[in-house]
Amino acid sequence: MSSSNKYLNKKIFIAGHSGMVGSAILRNLESSGYKNIITRKHRELDLVQQDQVENFFFSEKPECVIIAAAKVGGILANNTYRAEFIYKNLMIEANLINAAYNSGVEKLIFLGSSCIYPKLAPQPLKEEYLLSDYLEFTNEPYAIAKIAGIKLCESYYRQYGTNFFSAMPTNLYGPFDNFNLETSHVLPALIRKFHEAKTPQAENNSVKLWGTGKPKREFLYVEDLAEAIRFLLENVEAKDLYEKGISQLNIGTGEDLTIRELAKIISEVVGFNGSIDYDDSKPDGTPRKLMDVSRIHNLGWKHSTSLKDGIEKTYNWFLENFKS
Ligand SMILES: NC(=O)c1ccc[n+]([C@@H]2O[C@H](COP(=O)([O-])OP(=O)(O)OC[C@H]3O[C@@H](n4cnc5c(N)ncnc54)[C@H](OP(=O)(O)O)[C@@H]3O)[C@@H](O)[C@H]2O)c1
């Protein structure tokens, strides 16, 4: 790291450092020589509580903030706990962004996800499609809260000139992913299913997957996402988005594949040789979800981990760390 990096010694607060995304950002910054990172466990600082957040900012005075804290979950949780998803995420963002403004934070990066884009938006998803049509109903409360976070950052920039902006990652996977089959995303769920189906205790040598396997999805290794966040911290300013007429920046690979293709790669990495069956009576979901990443490419960042390498690393992490 060159000594010209003015952020290296800044006091940086990573909100949500214990999660999959926050922990990857923490590892990345620490291994890149950042020395002044501050973190708080959820039980020490509840970000939903405004007084706790304000006291923390005024006593610790962070200079930069990365918001990787959120109440997150799969479709079922999003659809069931709709009130909690909208309320908690709105409070976390509003408390952090307002306290950051009041205490003079120099730079803030807020993380959302691709669910902020309309359900039927054209593919690949361009930043400009924000608020151009209806959202997917199942995660609408979560998406509305994330859109509010984007607009909080933009509004504080437009009224107060703060250097606060938002980044929207595509589907992520990697170390510390959620491998609980009831609540996990597709990629970690497939790793676990194939792994369990190849053990001697498995009832049969086949795995059944929901839907036709034809929908296409994009996946980014979480350590590449962490690299992208460091790139944004060091090289991108709020005006680079807002003065170009966009409110948030996409982060992804710009490459997608079908769930069938994904299942094949994962079965090879895990060493599962049985049959993969598709239950096409179950719903497929959106046919395609791919981010347009030309803006972040033009700014100078591109992912570096291939899907196969990322899955191998994630499977090794699973073997070493996952206890069911
Ligand atoms: N995972 C993905 O595929 C993906 C894709 C795109 C975008 N993202 C975005 O990345 C961000 C982080 O996601 P993740 O997958 O890392 O989620 P995660 O593993 O569940 O981590 C969430 C973090 O937020 C903390 N947190 C939640 N509520 C809190 C509260 N009230 N006070 C303090 N801390 C609180 C959690 O702490 P506790 O666990 O102790 O509660 C945890 O550290 C989210 O904004 C999400 O939208 C994720």
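One-based numbering, in listed order, for ligands and for the atoms of each. We're numbering straight along the sequence, starting at 1. Note that the structure is a prediction, hence the values are computed from the model and not measured.
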If the contact criterion is a heavy-atom separation under 4.0 Å, does [X] count as touching ligand 1?
X    : value
K146 : yes
L45  : yes
Y142 : yes
T170 : yes

Do any N/O atoms on [X] end up under 3.5 angstrom from N/O atoms on ligand 1?
X    : value
S113 : no
K71  : no
G22  : no
L47  : yes
H42  : yes

If you group Ile, Leu, Val, Met, Phe, Trp and Tyr by side-chain heavy-atom gaps below 4.5 Å, do I150 and I144 land in one group? yes
For residues F110 and Y142: do they belong to one hydrophobic cluster (side chain heavy atoms under 4.5 Å, members Ile, Leu, Val, Met, Phe, Trp, Tyr)? no
Between the candidates I67, I25, L96, L172, which shows the shortest non-hydrogen contact distance to atom 4 (C) of ligand 1? L172
Who's the nearest protein heavy-atom neighbour of [atom], and how far?
atom                    : value
atom 17 (O) of ligand 1 : V72 CG2, 3.4 Å
atom 39 (O) of ligand 1 : S18 OG, 4.1 Å
atom 9 (C) of ligand 1  : G112 O, 3.6 Å
atom 12 (C) of ligand 1 : A68 O, 3.2 Å
atom 21 (O) of ligand 1 : G19 CA, 3.3 Å
atom 31 (N) of ligand 1 : D46 OD1, 2.9 Å
atom 10 (O) of ligand 1 : V21 CG2, 3.6 Å

Hey, which atoms in ligand 1 end up nearer than 4.0 Å to a heavy atom of [X]?
X    : value
M20  : 1 (N), 16 (O), 19 (O)
A69  : 24 (O)
A70  : 22 (C), 24 (O), 27 (C), 44 (C), 45 (O)
P169 : 6 (C), 7 (C)
V48  : 31 (N)
L111 : 45 (O)

Closer than 3.5 angstrom, by distance alone: can the side chain of K107 be matched with the main-chain N or O of L233 as a donor-acceptor pair? yes
Within the 6.0 Å centroid threshold, strictly below: F85 and Y81: no
In this structure, is the centre-to-centre distance between the rings of Y173 and Y221 below 6.0 Å? yes
Aromatic F318 / basic R192 pairing, under 6.0 angstrom, 45° off normal: no
Angle between ring planes, Y156 versus Y160, binned at 30° and 60°: parallel, tilted or perpendicular? perpendicular
As a test of understanding, state which of K61, K10, K11 forms a salt bridge (Lys or Arg N to Asp or Glu O under 4.0 Å) with E106. K10
With D256, the salt bridge (Lys or Arg N to Asp or Glu O under 4.0 Å) member among R217, K216, K289: K216
Electrostatic pair K264:E261 at N-O distance under 4.0 angstrom: no
K308 and E268 ion-paired at < 4.0 Å: no
Verify the neighbour count for atom CG of L181: are there more than 12 heavy atoms of other residues, nucleotides or ligands below 6.0 Å? yes
Does the side chain of T138 come under 3.5 Å of the side chain of E136 through a donor N or O and an acceptor N or O? yes
Could you check D284, D279, D280 and say which one makes a side chain to side chain donor-acceptor pair (under 3.5 Å) with T212? D284
